[in-house]
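Before any comments, here is the structure.
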Amino acid sequence: MSPALRKIVYAVSFETLGVAVASIGLLVMSEASAEESVSLSILAASLALGWSFVFNSLFERWEARQARRGRSLIRRSAHAILFEGGLVVILVPVTAWWLGVGLQQAIAYEAGLIMLFILYTYIFTWSFDRLFGLPASAR
């Protein structure tokens, strides 16, 4: 699989499953309706899809310059944490606006989703690499 196609398959499959994960998380944490939760999750997934392509391109460019190959626990953890950190900066204001809550409440919702998505990102990326193999940058 070409690097560009791999990034597209990764991002689309990650976000598709992520909509379900986020919708359930929002339903549990907030007073949002199912419609609001799913709609916000779809919007967030669309924004995250763009961020994923940009972030993974940058991460793999950095990774290709590293002497040590492979994806260790530390490298996978750094990937998940850095990706989610950037996404928080994008999504907190969107969440506040969409749900009509203050930034503090949006941060609380995002904190819960971050914890959920750090685990989800780690498991998804590990599974994706097992299914499709490591990208050239990690081999």
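Any value given below was found using the heavy atoms of this structure, including those in side chains, with hydrogens, waters and symmetry copies removed. Just so it is clear, the model here is predicted, and its values are computed rather than measured.
Tracing side-chain contacts under 4.5 Å through hydrophobic residues (I, L, V, M, F, W, Y), one never reaches V12 starting from V19; they form parts of separate clusters. Placement of L40 and L47 within a single hydrophobic cluster is found when ILVMFWY residues are connected by side-chain heavy-atom separations under 4.5 Å, directly or transitively. No chain of hydrophobic side-chain contacts below 4.5 Å, direct or via other Ile, Leu, Val, Met, Phe, Trp or Tyr residues, connects I90 to I42. Hydrophobic clustering, with ILVMFWY side chains joined whenever heavy atoms are under 4.5 angstrom apart, groups L82 together with L58.
For F132, the ring pair (Phe, Tyr, Trp, His ring centres under 6.0 Å) partners are F128, not counting sequence neighbours. Partners of W62 under the ring pair (Phe, Tyr, Trp, His ring centres under 6.0 Å) rule, at least two apart in sequence or in another chain, are F59. Evaluation of the side-chain hydrogen bond (donor to acceptor under 3.5 Å, both in side chains) rule for T125 yields Y10 as partners, not counting sequence neighbours. Not a single side-chain hydrogen bond (donor to acceptor under 3.5 Å, both in side chains) links Y120 to another residue, sequence neighbours left out. With sequence neighbours excluded, the residues forming a side-chain hydrogen bond (donor to acceptor under 3.5 Å, both in side chains) with E60 are K7, listed by chain and number.
Here the CD1-OG distance, from I8 to S52, works out to 11.0 Å after rounding to the nearest 0.5 Å.
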Could you pull out every donor-acceptor pair under 3.5 Å between side chains of residues 73-81 and any protein atom, sequence neighbours left out?
{"unit_1": "R75", "atom_1": "NH1", "unit_2": "R68", "atom_2": "O", "d": "3.3"}
{"unit_1": "R75", "atom_1": "NH1", "unit_2": "G70", "atom_2": "O", "d": "3.2"}
{"unit_1": "R75", "atom_1": "NH2", "unit_2": "R68", "atom_2": "O", "d": "3.2"}
{"unit_1": "R76", "atom_1": "NE", "unit_2": "R71", "atom_2": "O", "d": "3.3"}
{"unit_1": "R76", "atom_1": "NH1", "unit_2": "D129", "atom_2": "OD2", "d": "3.0"}
{"unit_1": "R76", "atom_1": "NH2", "unit_2": "D129", "atom_2": "OD2", "d": "3.0"}
{"unit_1": "S77", "atom_1": "OG", "unit_2": "L73", "atom_2": "O", "d": "2.7"}
{"unit_1": "H79", "atom_1": "NE2", "unit_2": "N56", "atom_2": "OD1", "d": "2.6"}

Considering only distance and modelled atom types, tabulate donor-acceptor pairs under 3.5 Å from the side chains of residues 24-31, sequence neighbours left out.
{"unit_1": "S30", "atom_1": "OG", "unit_2": "L26", "atom_2": "O", "d": "2.7"}
{"unit_1": "S30", "atom_1": "OG", "unit_2": "A32", "atom_2": "N", "d": "3.1"}

All N/O donor-acceptor pairs, side-chain side in residues 91-118, below 3.5 Å, sequence neighbours left out:
{"unit_1": "T95", "atom_1": "OG1", "unit_2": "L91", "atom_2": "O", "d": "2.9"}
{"unit_1": "T95", "atom_1": "OG1", "unit_2": "E110", "atom_2": "OE2", "d": "2.9"}

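Alongside L134, the hydrophobic cluster contains no other residue (criterion: ILVMFWY side chains under 4.5 Å). In the hydrophobic clustering (ILVMFWY side chains linked at under 4.5 Å, chained through shared members), I123 is joined by L119. In the hydrophobic clustering, where aliphatic and aromatic side chains (Ile, Leu, Val, Met, Phe, Trp, Tyr) are joined below 4.5 Å either directly or transitively, V89 stands alone.
Taking both residues in full, the closest heavy atoms of R6 and G133 are given as NH2-O, 2.7 Å, listed atom of the first, atom of the second, then distance. Listed here is the closest heavy atom pair of F124 and S13: CZ-OG, 3.2 Å.
You'll find the side chain of T121 reaches within 4.5 Å of the side chain of F14, heavy atoms only.
Side-chain N or O atoms of W51 include one that pairs as donor or acceptor with a backbone N or O of F83 at under 3.5 Å.
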